[in-house]
Amino acid sequence: MTSPTDATGCGCGCSPAREKMVPLTTRPAVSPTHAAGDGSAAHAIEQAVVPATRFTMGDSSGDRNPADGEVPLHEVSLEAFSIDATSVTNADFAKFVEATGYVTEAESFGFSAVFHLALEADEEDILGVPPGTPWWYGTKGADWRHPNGRNSSIEGMDDHPVVHVSWNDAQAYCTWAGRRLPTEAEWECASRGGLDGAKYPWGDEEVDADGWRANIFQGVFPTENTVADGFLTTAPVRTFSPNGYGLWQTVGNVWEWCEDWFDPNTYRRSPDSDPRGPERGNARVLRGGSYLCHDSYCNRYRNSARSQNTPDSSMGNAGFRTVARENGGHA
Ligand SMILES: [Cu+2]
């Protein structure tokens, strides 16, 4: 299955790059270093432990998107690490902001990307639409506290994943929490839950076998979401079932930022022990797909699927989870 390539940061149109949505004449001074303080005790998310392991990284199902570089398959060894069992939630992120006064990039730029069916904003708030993906609105006033635009809020959504956080914002949180983002290899290993070679965290059964197993898009993308899985946008982080390592919703719900720069050719020269990705790049890796992935259009809700966006981009369907090495290495 292939997906259309578009002019956004991501080939699937699932995550629009900030500068493709609204022409940026000036860049606000964003300072992730303002995230001072020690929040390591406040980071109270349940941890899943991924044991030291060797696994096969990449797509073996044949459902890959050729442009994404999901092959060649290669063996990867990793030391044991702990990883958040869920995405960082609104409640978790609020503790960070309260402790540090951190201002996200969506707030600094004054806008973020909202999916058109979810919009709760005024018409004049729509600042731009990225070419090729008209279902994204660059929306003034959209940020982590207003996920669907200025007329929305996160009331009652403490246990939903925080969204509209850029890679830089996620880094700032990690610095505060004494954690870091997973490498792409760690993320994939964790998502597989010990099922080497499986397409999904639960195995190879399709996403709608015996009821829904992940929060993706059902209906006619992008105009009509039947909400058969129960959710138009985000779901609480402990929805559906955890995988073999105890991780919830690595696929679907929200994309998750990884530490690595993105390059579709990475796997051709990846070291077999603890790969960290290319040394430089323009975009950071995103993993796991989101509530916007639809099997007719974008099948990136798979363990091996890869996407990317620029580090200052933010949208209503991307968040993150954090890791730490069990033995303290690779801080
Ligand atoms: Cu997608």
Side-chain angles (χ1 to χ4, degrees), residues 32-51 78-104 106-107 143-147 153-183 186-187 189-191 193 201 215 231 233-259 287-288 290 314 317-331:
T33 48
H34 279 178
D38 179 9
S40 49
H43 182 82
I45 301 175
E46 184 199 335
Q47 295 297 300
V49 174
V50 178
L78 293 172
E79 295 295 314
F81 60 99
S82 66
I83 182 165
D84 296 341
T86 68
S87 307
V88 171
T89 64
N90 286 321
D92 301 318
F93 200 76
K95 280 191 279 181
F96 159 62
V97 168
E98 207 171 293
T100 62
Y102 184 78
V103 176
T104 61
E107 294 166 285
D143 58 42
W144 72 276
R145 290 187 187 89
H146 307 93
S153 83
I154 53 171
E155 221 189 298
M157 294 171 70
D158 275 1
D159 61 348
H160 283 237
V162 66
V163 292
H164 297 293
V165 283
S166 67
W167 186 90
N168 294 323
D169 298 331
Q171 282 294 326
Y173 178 96
C174 287
T175 301
W176 172 76
R179 313 270 302 171
R180 62 175 171 80
L181 290 175
T183 65
E186 286 168 338
W187 190 96
C189 180
S191 182
N215 177 14
F231 305 97
T233 62
T234 55
V237 294
R238 284 167 199 275
T239 306
F240 309 107
S241 298
N243 74 3
Y245 290 147
L247 280 82
W248 299 77
Q249 294 192 98
T250 50
V251 304
N253 212 22
V254 293
W255 286 102
E256 297 177 11
W257 290 110
C258 291
E259 190 173 77
R287 284 301 203 112
S290 81
S314 61
N317 66 339
F320 65 102
R321 71 178 81 209
T322 75
V323 301
R325 271 292 150 86
E326 285 289 274
N327 62 11
H330 187 184

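Residue numbers run from 1 in the order of the sequence given.
Counting only residues at least two apart or on different chains, the salt bridge (Lys or Arg N to Asp or Glu O under 4.0 Å) pairs with a member in residues 244-256 are Glu256-Arg321. Residue pairs meeting the side-chain hydrogen bond (donor to acceptor under 3.5 Å, both in side chains) criterion with at least one partner in residues 235-248, sequence neighbours excluded, are Glu46-Arg238.
Checked by atom type and distance alone, the side chain of Thr100 pairs as donor or acceptor with a backbone atom of Phe96 at under 3.5 Å.
Taking the side-chain contact (heavy atoms from CB on, under 4.5 Å) definition, one finds that Ala190 meets it with Val50, Phe81, Ile83, Leu247, sequence neighbours left out. The side-chain contact (heavy atoms from CB on, under 4.5 Å) check on Ala91 picks up Thr89, Asp158, with sequence neighbours excluded. Among residues two or more places apart in sequence or in another chain, the ring-ring contact (aromatic ring centres under 6.0 Å, His included) test is passed with His43 by Tyr173. Residues satisfying the side chain to side chain donor-acceptor pair (under 3.5 Å) test with Ser290, not counting sequence neighbours, are Asn317. Ser166 pairs by the side chain to side chain donor-acceptor pair (under 3.5 Å) definition with Glu105, Asp169, not counting sequence neighbours. Val163 meets the side-chain contact (heavy atoms from CB on, under 4.5 Å) test with Pro147, Thr234, Val254; sequence neighbours excluded. Legend: residues meeting salt bridge (Lys or Arg N to Asp or Glu O under 4.0 Å) with Asp92, ordered by chain and number and at least two apart, are absent. The side chain to side chain donor-acceptor pair (under 3.5 Å) check on Ser40 picks up Asp38, with sequence neighbours excluded.
Between Glu186 and Arg287 no salt bridge is recorded (no basic side-chain N to carboxylate O distance below 4.0 Å).
Residues Gln249 and Asn215 have side chains that never bring a donor and an acceptor to within less than 3.5 angstrom of each other.
Across all non-hydrogen atoms, the minimal contact from Pro236 to Asn253 is O-ND2, 4.4 Å.
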